[in-house]
Amino acid sequence: MEECISVFDMLKIGVGPSSSHTLGPWRAAERFLEELKNESILEQITRIKVDLYGSLSLTGKGHATDLSVMLGLSGQDPEYIPVENIASIIKIIETKNEIILGNQITIPFYFLQDIVFNKEFLPFHANGLKFTAFKADGSEYESTFYSIGGGFVVKEERINAKKKEEIKCAFPFPIQNAEELLNYTISEKKLVSEIVYENEKSMRSEEKINSELMRIWNTMLECMYIGCHSEGILPGGLNVRRRAFDMHQNLIGLSNYSSPQTWLEEIRKTEVKFRQILKWVSCFALAVNEVNASLGRVVTAPTNGSAGVIPSVLMYYLVIENHAAGEKEIKQFLMVAGEIGSIFKKGATISAAMGGCQAEIGVSSAMAAAALCELMGGSPAQVLMAAEIAMEHHLGLTCDPIGGLVQIPCIERNTMGAIKAINAAELALETDSKNAKVPLDKVINTMWQTAKDMNSKYKETSEGGLAIAVNMADC
């Protein structure tokens with residue numbers, strides 16, 4: 001049975017800094033609350049304990065995993081919570097030593113005791129967390145979740161989640177791999193985005209699809225705008241200075257604008273040379289991931305750590321390549337990107353804790369390359385080739401964040417993924433797809449094999465690579 005993954009599963013609005021370590025645990029806490037309500041025991045709870053395991057424990061502090069769990073248990077929604085309220089909500093919990101569970105009942109909560117960091121790994125996935133609710137009668141209710149990347153969360157009992165046998169797909173064009181997608185485009189004489197659109201229409205109205213796609217884009221645009229207009233030092237202790245602000249000031253000059261959209265129009269008037277293009281694309285990517293690193297609102301694409309690649313490449317198309325482009329092209333881009341990401345999730349992983357950074361920046365670069373290629377007139381075969389080229393040159397990329405923070409090398413790495421995506425699209429456009437030697441599915445399989453062979457210290461544990469070569473004291 002095929003798995004249905006929507007574009008809106010791959011591109012989710014949330015809060016930084018990490019989709020698997022922040023958004024995932026947040027969603028797990030929400031699901032735990034739902035379980036308590038469904039069991040009709042929420043009102044009986046006197047205490048909650050949360051155990052974090054493996055990668056969630058090893059880099060949890062840097063990724064604000066503990067904060068996200070508290071926010072989730074409080075009944076806050078990461079998609080809609082005003083980010084400026086986060087600090088005050090956390091401060092109240094920490095100072096009062098209590099939490100308003102599900103925004104309904106107040107119970108004692110000592111975050112230093114009730115959130116436990118366990119270095120051991122649970123068997124199913126590197127990102128495990130267990131909630132234990134203590135009832136007034138002395139009994140307990142336990143539930144274990146796994147944050148498997150991109151904000152996706154599964155229960156412990158879905159040990160055979162890779163088989164996805166229990167999932168029934170209602171898509172008219174169910175897609176498990178790139179070959180199936182290509183075959184549909186040939187038999188139906190449609191673009192990749194058109195196949196995706198038909199699938200999405202089986203789940204929601206055209207009006208809803210269009211409005212949600214534009215909401216995603218407007219969130220991306222606002223994120224870039226905020227990042228380009230914010231200066232200072234990022235939180236976390238590494239003393240990383242924001243760079244998008246200065247880079248943007250040098251590029252934009254004395255332009256006048258008052259909103260993200262008028263800002264976009266002003267960028268279209270700026271000088272376009274190769275160096276400027278590199279700087280603009282890098283600036284957009286830096287901006288997004290600096291917002292992400294400061295617990296700002298971003299679009300998981302497919303993860304928070306790689307959230308800057310797709311918006312920066314789409315922005316490149318809008319402000320450099322095609323000034324006439326608008327909603328049609330934006331929606332087309334996002335649908336192609338989402339579908340390519342879902343194929344990687346089905347065939348491999350989008351979790352750095354499972355696959356290293358090839359699973360995050362590599363996948364986001366492949367998504368962006370494919371989407372850009374279609375907008376530039378590429379055939380479906382060239383679109384898949386663009387994704388393959390982008391991933392091929394990210395194979396083996398490790399995840400070794402210094403201090404467990406999504407800052408070094410993560411922020412800069414988004415700029416590299418974006419530039420590679422543009423280059424991959426151009427190479428695919430200049431290549432006859434009949435001459436392709438490496439199918440996308442082969443690269444996805446290779447990526448998964450590489451992930452399984454990779455030493456665990458290079459999989460978002462901060463126990464290898466730059467994470468130990470450079471320590472907090474050096475910064």
(request) Give the ring-plane orientation class for Phe32 versus Phe131, where under 30° counts as parallel, over 60° as perpendicular and anything between as tilted. (result)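 Parallel: the ring planes of Phe32 and Phe131 meet at under 30°.
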
(message) Checking side chain to side chain donor-acceptor pair (under 3.5 Å) between Arg243 and each of Glu231, Glu412, Glu290, His248, which is the one that passes?
(response)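 That would be Glu412; it is the only one of Glu231, Glu412, Glu290, His248 passing the side chain to side chain donor-acceptor pair (under 3.5 Å) with Arg243.
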
(message) Among Lys459, His21, Glu460, which residue satisfies the side chain to side chain donor-acceptor pair (under 3.5 Å) criterion with Ser55?
(response)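 Looking at Lys459, His21, Glu460, the match for Ser55 under the side chain to side chain donor-acceptor pair (under 3.5 Å) is His21.
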
(message) Counting neighbours of CE on Met376 that are heavy atoms of other residues, nucleotides or ligands and sit closer than 6.0 Å, is the number greater than 12?
(response)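 Check passes, neighbour count above 12.
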
(message) Tell me if the CZ atom of Phe121 is crowded by more than 12 foreign heavy atoms within 6.0 Å.
(response)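 Counting other residues, nucleotides and ligands, CZ of Phe121 exceeds 12 neighbours.
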
So which atom in [X] and which in [Y] form the shortest heavy-atom distance, rounded to 0.1 Å?
{"X": "Tyr317", "Y": "Ala325", "result": "CE2-CB, 3.6 Å"}
{"X": "Ser147", "Y": "Ser19", "result": "OG-O, 4.2 Å"}
{"X": "Ala451", "Y": "Gly355", "result": "CB-CA, 3.5 Å"}
{"X": "Ala293", "Y": "Leu234", "result": "CB-CD1, 4.0 Å"}

(message) Quiz question: by atom type and distance under 3.5 Å, do the side chains of Glu200 and Ser6 form a donor-acceptor pair?
(response)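 A donor-acceptor contact under 3.5 Å links the two side chains.
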
(request) Let me know which of Met315, Met247, Lys279 forms a side chain to side chain contact (heavy atoms under 4.5 Å, CB included) with Phe284. (result)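 Passing option: Met315.
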
(message) With heavy-atom distances below 4.5 Å as the criterion, would you say the side chains of Phe111 and Ile90 are in contact?
(response)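 No, side chains not in contact.
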
(request) Could you list the residues that satisfy ring pair (Phe, Tyr, Trp, His ring centres under 6.0 Å) with Phe109, not counting sequence neighbours? (result)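 With sequence neighbours excluded, Phe109 shows a ring pair (Phe, Tyr, Trp, His ring centres under 6.0 Å) to no residue whatsoever.
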
For [X], which residues count as a salt bridge (Lys or Arg N to Asp or Glu O under 4.0 Å) partner, sequence neighbours excluded?
{"X": "Asp441", "answer": "none"}
{"X": "Arg31", "answer": "none"}
{"X": "Lys61", "answer": "Asp66"}

(message) Go through it in stages, so that I can follow the logic: the residues are Val406 and Asn304, the test is side chain to side chain contact (heavy atoms under 4.5 Å, CB included), and I'd like the CA-CA distance, side-chain angles, deciding distance and then a yes or no.
(response) CA-CA 9 Å; Val406 188; Asn304 283 28; over 6 Å; no

(request) Establish, for the pair Lys331 and Tyr197, whether the NZ or CZ atom is under 6.0 angstrom from the six-membered ring centre and no further than 45 degrees off its axis. (result)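 Negative - Lys331 is either too far from the ring of Tyr197 or too far off its axis.
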
(request) Could you please spell out the steps behind the side-chain hydrogen bond (donor to acceptor under 3.5 Å, both in side chains) verdict for Ser193 and Glu374? (result) CA-CA 8 Å; Ser193 59; Glu374 179 168 302; 2.5 Å; yes

(message) Checking Asn289 now: which residues fulfil side-chain contact (heavy atoms from CB on, under 4.5 Å) with it, not counting sequence neighbours?
(response)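 In terms of side-chain contact (heavy atoms from CB on, under 4.5 Å), with neighbours along the sequence ignored, Asn289 is linked to Asn292, Ile411, Asn414.
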
Would you tabulate the side-chain donor-acceptor contacts of residues 386-403 under 3.5 Å, counting partners in other chains and residues two or more places apart, or write 'none'?
residue	atom	partner	partner atom	Å
His394	ND1	Ala390	O	2.8
Asp400	OD2	Leu466	N	2.9

